[in-house]
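Just follow the structure's listing: the first ligand is 1, and inside any ligand the first atom is 1.
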Amino acid sequence: MAIYPPEPFRIKMVEPIKRTDRQTREAALKRAGYNVFGLRAEEIFIDLLTDSGTGAMSQHQWSAMMEGDESYAGANSYFRLAEAMDEIFSFRFFVPTHQGRAAENILCAVMLGKEQYVPSNMHFDTTEGNIRARGGRPTNLVIEEAFDPKNRHPFKGNMDICKLRAFIEQVGGEKIPFGMITITNNAGGGQPVSMENLKAVAAVYKEFNIPFFIDACRFAENAYFIKLREPGYEHKSTLEIARETFALADGATMSAKKDAIVNIGGFLAMNDKELFQNVKNELILREGFPTYGGLAGRDLDAMATGLREGLNEDYLAYRLGQTAYLGERLLEVGIPIVEPPGGHAIYIDAGSLLSHIPQSEFPGQALSIQLYLEGGIRGVELGSVAFAYPDPDTGEMIHPRMELVRLALPRRVYTQAHLDYIVGTLERIMARKDEIRGVRITYAPELLRHFTAQFEPL
Ligand code: F0G
């Protein structure tokens, strides 16, 4: 029986949400072109579209915001953030950015050339998009276990070290301006990466002189997974584990909208002085002066406070416990998910649940439509809509290996009763799954198509 951990907080402010009737939902979805990104928030009962920027800030974060210093250059808020950055990440330099993809854009602008490769365990879609937009080639080298939803490997986000080495030898280190790893692996189930693997990845990159950047969005959740699952780390604090993690890398990108529990913010950090100079120039052009990035001073303060709160172990035990509760409850009623449950989200294996719908008819999209129609719940497709792309050499459509629907849990927002409602909704969908049909794309942009694509039910 799945156990729900009591929340290590109580609720001081509430935001009303409303249930709508089915007819209203049908009309809303049609208007949105059968893409849940096009819905209005008020048309949704439980919003699991993302855990990004949707968390509830604490009283400490809100009060820190009141002390925000809005000076254009050299604001106190910047120095408070720099202190937290130093405590946790200890890179020599960093710049704030308005969110994660801005950091990725700047990194790619200053480091990546055409026809160059960037390996990772799995890139998230914005990272992939930023690499492709500069003519580069993102390459995913996660371990094979990541593609088997039933495999309970404790660190399914690990990179395959043999594949990484073979890949570098094949394309040549000089064609790889930097290498990455995403912690936790969002595109592959929110699965963690072990310290052992992080060390091995760092060693390979170092051997070939390739700068190593960590996509650090969910670094605190990754640190807590290491504490729970990796021998030798059970007595280390999450802060110590985080520090050990980043000491292995040459830099990091982060969307602070995840583990720093803020509504907006991010950073790009690095050790190399010349790179920092180039980054600052690009930042001034695109985001803002280097002591504020694209943010208000108050945002920097919320981030400084949130970075530390995100590492709090009572919070992390609750956070991972809540996600595990949802995952185990779904398994109890027979819904296939990526196992074991990830850190920030549960990924339903739509390809297996709706095995009668071929990849070309988007089973994940079909399921996300049903979730909304049945229960007013918004999840997101992470399958062929998000990740299929034409092969740059042959033009042939390459489909991802899994068709998933992600139910991302905003931090400190929903309760056990909300999760039970989600389970009940999915149970009803499963009971009539054979009647569910796929969809056809009627419009799609070239990059990042899942945000704005339009569909028609078949
Ligand atoms: N890297 C990872 C692993 C992410 O999950 C995200 C965002 C980004 C980079 C980009 O950050 O949104 O601040 O620009 N993920 C969100 C999600 C959007 O829903 O998973 P951003």
Side-chain angles (χ1 to χ4, degrees), residues 35-37 41 47-55 95-108 118 120-133 138 140 142 146 156-157 159 178 180-193 213-222 245 249 251-269 286-287 293-295 299 302-303 306-307 310 323 338 342-347 364 368 378-383 385-387 404-411 413 447-452:
N35 184 342
V36 293
F37 276 100
D47 201 349
L48 309 178
L49 184 68
T50 180
D51 64 321
S52 183
T54 52
V95 290
T97 57
H98 80 275
Q99 57 184 85
R101 70 198 69 182
E104 294 158 10
N105 174 31
I106 287 163
L107 185 65
C108 291
V118 184
S120 186
N121 50 351
M122 287 175 91
H123 292 285
F124 189 62
D125 58 5
T126 59
T127 326
E128 259 195 45
N130 269 300
I131 294 167
R132 286 192 204 289
N140 294 335
V142 72
K156 260 172 127 171
M159 187 134 51
F178 60 97
M180 295 188 79
I181 199 162
T182 312
I183 59 173
T184 57
N185 181 18
N186 184 12
Q191 301 290 328
V193 178
F213 281 78
I214 296 178
D215 178 337
C217 291
R218 299 176 182 86
F219 77 98
E221 291 170 7
N222 200 76
T245 300
T253 58
M254 180 167 173
S255 167
K257 300 168 75 172
K258 282 78 167 177
D259 275 358
I261 327 180
V262 288
N263 304 123
I264 197 74
F267 66 75
L268 170 58
R286 311 262 171 221
E287 290 274 297
L295 297 169
D299 299 324
M303 202 162 124
L307 280 169
T323 310
V338 173
H344 67 295
I346 292 302
Y347 295 65
S368 78
R378 176 156 73 169
V380 68
E381 194 262 14
L382 289 180
V385 178
F387 295 121
L404 305 175
V405 171
R406 186 185 71 174
L407 307 178
L409 293 169
R411 291 165 182 77
V413 169
L447 289 173
L448 297 172
R449 66 179 182 174
H450 71 290
F451 292 109
T452 54

**Q.** Residue and atom name of the nearest protein heavy atom (relative to atom 4 (C) of ligand 1), distance in Å to one decimal
**A.** Phe124 CD2, 3.5 Å

Q: Of the side chain and backbone of His123, name the one, both, or neither that has a heavy atom under 4.0 Å from an atom of ligand 1.
A: neither

Q. Nearest to atom 12 (O) of ligand 1, what protein heavy atom do you find, and at what distance?
A. Arg101 NH2, 2.8 Å

Q: Tell me which protein heavy atom sits closest to atom 7 (C) of ligand 1, plus the residue, atom name and distance to 0.1 Å.
A: Lys258 NZ, 2.6 Å

Q) Of all the non-hydrogen atoms in the protein, which one sits nearest to atom 21 (P) of ligand 1, and at what distance? A) Gln99 NE2, 3.3 Å

Q. What residue and heavy atom of the protein are closest to atom 10 (C) of ligand 1, and at what distance?
A. Thr126 OG1, 3.3 Å

(Q) Test your reading of the structure: does Ser255 have an N or O sitting under 3.5 Å from an N or O of ligand 1? (A) yes

Q | Protein contact of atom 1 (N) of ligand 1 - nearest heavy atom, named by residue and atom, plus distance | A | Asp215 OD2, 2.6 Å

Q: Among all protein heavy atoms, pick the one closest to atom 9 (C) of ligand 1 and tell me residue, atom and distance.
A: Glu104 OE2, 3.0 Å

Q | Cys217 N/O to ligand 1 N/O under 3.5 Å | A | no

Q.
I'd like to know if Asp51 pairs up with Lys258 as an ion pair, taking the criterion as any Lys NZ or Arg NE/NH1/NH2 lying under 4.0 Å from an Asp or Glu carboxylate oxygen.
A. no

Q. If you measure every N/O of Arg218 against every N/O of ligand 1, is any gap under 3.5 Å?
A. yes

Q) Should the proximity of Lys257 to ligand 1, defined as any heavy atom under 4.0 Å, be assigned to the side chain, the backbone, both, or neither? A) side chain

Q.
Using a plain distance cutoff, I'd like to know if Asp51 has any nitrogen or oxygen under 3.5 Å from a nitrogen or oxygen of ligand 1.
A. no

